[in-house]
Number of protein chains: 2
Amino acid sequence: MSIADFGRVIGHESRVAMLQALMGGVALSASELAWHAGVTNQTATSHLNELVNAKLLYRRKCGRFHYYEINGDSVASTIEKIASGIPVKDGRDFRRNVKPELKKARFCYDHLAGELGVEISRILVQIEALVLYQDSFHLPETEHPIYRTVGIDLSEIRKSRRLLCPRCVDWTERLPHVAGAVGAAIAAKMVESGFIVRSRNERSVKITRSGRFFLIDKLGLSASFFV
Amino acid sequence: MSIADFGRVIGHESRVAMLQALMGGVALSASELAWHAGVTNQTATSHLNELVNAKLLYRRKCGRFHYYEINGDSVASTIEKIASGIPVKDGRDFRRNVKPELKKARFCYDHLAGELGVEISRILVQIEALVLYQDSFHLPETEHPIYRTVGIDLSEIRKSRRLLCPRCVDWTERLPHVAGAVGAAIAAKMVESGFIVRSRNERSVKITRSGRFFLIDKLGLSASFFV
DNA sequence: AATTTATTTCGACGTTCATCGAAATATATC
DNA sequence: GATATATTTCGATGAACGTCGAAATAAATT
């Protein structure tokens, strides 16, 4: 593949957003990547086909889910080199301009991101309801009771062909939050229980009063988190 | 500049051809780069403006000549990283498919390239009519008599605002040949003297019988060069 | 078997990009 | 001053690209 072909493939924000979402070796599904790129699934399919044909991404099917990952270290390091080596017009840290409500808590496709997503993930690891092993989340062999407390039946979730708990890198916090079936189940159950509500712009999330109580009392979040 | 912007800028063969012609730190003029890219000067101007705006190239004027060079080591190393790190569809060495007559001797804009261009440059360095210093050609302080022998008046050429003897990297030989005012003068004088003639396709060059005599007798090329 | 979810295919539409002929401008040379 | 060379500007043209609605396909779930 020539330099020009490579340039052409990465020369669009949608494809770059997908690549960046996958940096760090995680696998994400087509719909999740469509969300990250801010396009419809049809457009995402078109872009993903190009990335796979260019051998930048690797695709594997798992039931009806199509998972994509970066195709090797050399691709990742090339993207990193471009990101770090090219002259910038504007060196400002884009994170300074994130709306506070998006930074605090928001949906990332169908799971939680932002400070809330990161903090929940961190606490689940701390109480050993999740294991962070070699930069990836895993469920422990013995089911932690917190899932029942929240109303999540892990044995049912385990039956899914969807990845259970891939690590999603938070673009505002630059720390990981849990995605996949477990991440989605946590988010769905919190909506169902009235602990969080989606805001009108469908991205940011408001934590309700009962949600605040639940997060402090049951999950052990610090009260200072809500200041 | 974002990854996508960078990708878009290098995502066309014409701009990549210009960047590649400039790898190694040489400076080439707009018309020379148009030639390398295989486009008209108007098209080249458009592309060069983009490369300069993206801060990949640096432009400086010298009289009516506009010279371009790679804008720093980080740009060069990023391009090299892309060239070496990306997955290739077809690993064949493209040089295998070069027509023999193009490989042997051809014009590169207005100076000689191919085996002939490289060999003439090598011999000029050997007899100290050119100095290869820090990967660049230079004229020696004392004018070498070979130029008068060929019919070239260096004192007149020195008056030109054009670069005298930049190093042009031969894409078939991967060795340098001399470009600029000196390179052009050598080629022009050899045409004028009937030592070489342009072929009908305007790229390859045929060495005439008298040219062969001249190159062996006056410049010291080995007879085996013409086998 | 019916319904739902994930993804792809199809086709239309609008935008972006790269090209060059003609003409103009800037910088020499004669 | 006239002419030549290097380069740019202008405008038109055609190709390439990215989008999504509608519909279809594949793999679940009910």
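Chain letters run A, B, ... following the sequence lines, proteins first, then strands; residues in each count from 1. These numbers were taken from a predicted model, which means no experiment stands behind them.
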Please pick, from dT7(D), dA22(C), dA6(C), the nucleotide with the shortest atom-to-atom distance to any side-chain atom of Thr45(B).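 Given the options dT7(D), dA22(C), dA6(C), the side chain of Thr45(B) is closest to dT7(D).
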Would you say [X] reaches [N]'s phosphate, i.e. side-chain N/O to OP1/OP2 under 4.0 Å?
{"X": "Thr43(A)", "N": "dG18(D)", "answer": "no"}
{"X": "His47(B)", "N": "dT19(C)", "answer": "yes"}
{"X": "Ser31(B)", "N": "dA6(D)", "answer": "no"}

d([atom1], [X]; [atom2], [N]) in whole Å:
{"X": "Asp153(B)", "N": "dT29(C)", "atom1": "CG", "atom2": "P", "answer": "13 Å"}
{"X": "Trp35(B)", "N": "dA6(D)", "atom1": "CH2", "atom2": "C1'", "answer": "18 Å"}
{"X": "Tyr67(B)", "N": "dT27(C)", "atom1": "OH", "atom2": "C1'", "answer": "13 Å"}
{"X": "His66(A)", "N": "dA26(D)", "atom1": "NE2", "atom2": "C1'", "answer": "8 Å"}
{"X": "Glu50(A)", "N": "dT19(D)", "atom1": "CD", "atom2": "P", "answer": "10 Å"}
{"X": "Gln42(B)", "N": "dA24(C)", "atom1": "CD", "atom2": "P", "answer": "15 Å"}
{"X": "Asn41(A)", "N": "dC20(D)", "atom1": "CG", "atom2": "P", "answer": "10 Å"}
{"X": "Leu48(B)", "N": "dT19(C)", "atom1": "CG", "atom2": "C1'", "answer": "15 Å"}

Does one side chain, of [X] or [Y], offer a donor that lies under 3.5 Å from an acceptor on the other?
{"X": "Arg59(B)", "Y": "Asn71(B)", "answer": "no"}
{"X": "Ser77(A)", "Y": "Lys81(B)", "answer": "yes"}
{"X": "Ser46(A)", "Y": "Thr43(A)", "answer": "no"}

Do Arg162(B) and Val182(B) come within less than 4.5 Å of each other through their side chains, counting heavy atoms only?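 Counting from C-beta outward, Arg162(B) and Val182(B) never come under 4.5 Å.
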Hey, are the side chains of Asn41(A) and Ser31(A) touching, using non-hydrogen atoms and a 4.5 Å cut-off?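 Side-chain contact under 4.5 Å: yes.
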Tell me whether the guanidinium CZ or amine NZ of Arg198(B) lies under 6.0 angstrom from the six-membered ring centre of Phe107(B) and within 45° of its axis.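 Yes, Arg198(B) sits over the ring of Phe107(B).
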Assess the residue pair Gln42(B) and Thr45(B) against the criterion (side chain to side chain donor-acceptor pair (under 3.5 Å)); give the C-alpha distance rounded to whole Å, side-chain angles, the decisive distance to 0.1 Å, and a yes or no. CA-CA 5 Å; Gln42(B) 306 91 297; Thr45(B) 295; over 6 Å; no
Below 3.5 Å is the cut-off: list the nitrogen or oxygen pairs between protein and nucleotides 27-30 of chain D, distance only.
| unit_1 | atom_1 | unit_2 | atom_2 | d |
| --- | --- | --- | --- | --- |
| dA27(D) | O3' | Arg64(A) | N | 3.2 |

Whichever of Asp110(B) and Ser46(A) has its nearest DNA chain D nucleotide further upstream toward 5':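 Looking at DNA chain D, the more 5' nearest nucleotide goes with Asp110(B).
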Does the plane of the ring in His177(A) sit parallel, tilted or perpendicular to the ring in His111(A)? Use 30° and 60° as the thresholds.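 Geometry flag for His111(A) against His177(A): tilted rings.
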Going by ring pair (Phe, Tyr, Trp, His ring centres under 6.0 Å), name the pairs with one or both residues in residues 7-32 of chain B, residues two or more places apart or in two chains.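 Residue pairs passing ring pair (Phe, Tyr, Trp, His ring centres under 6.0 Å), neighbours aside: His12(B)-His47(B).
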Residues in contact with DNA chain C, drawn from residues 8-19 of chain A - heavy-atom cutoff 4.0 Å: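 Result for residues 8-19 of chain A: none.
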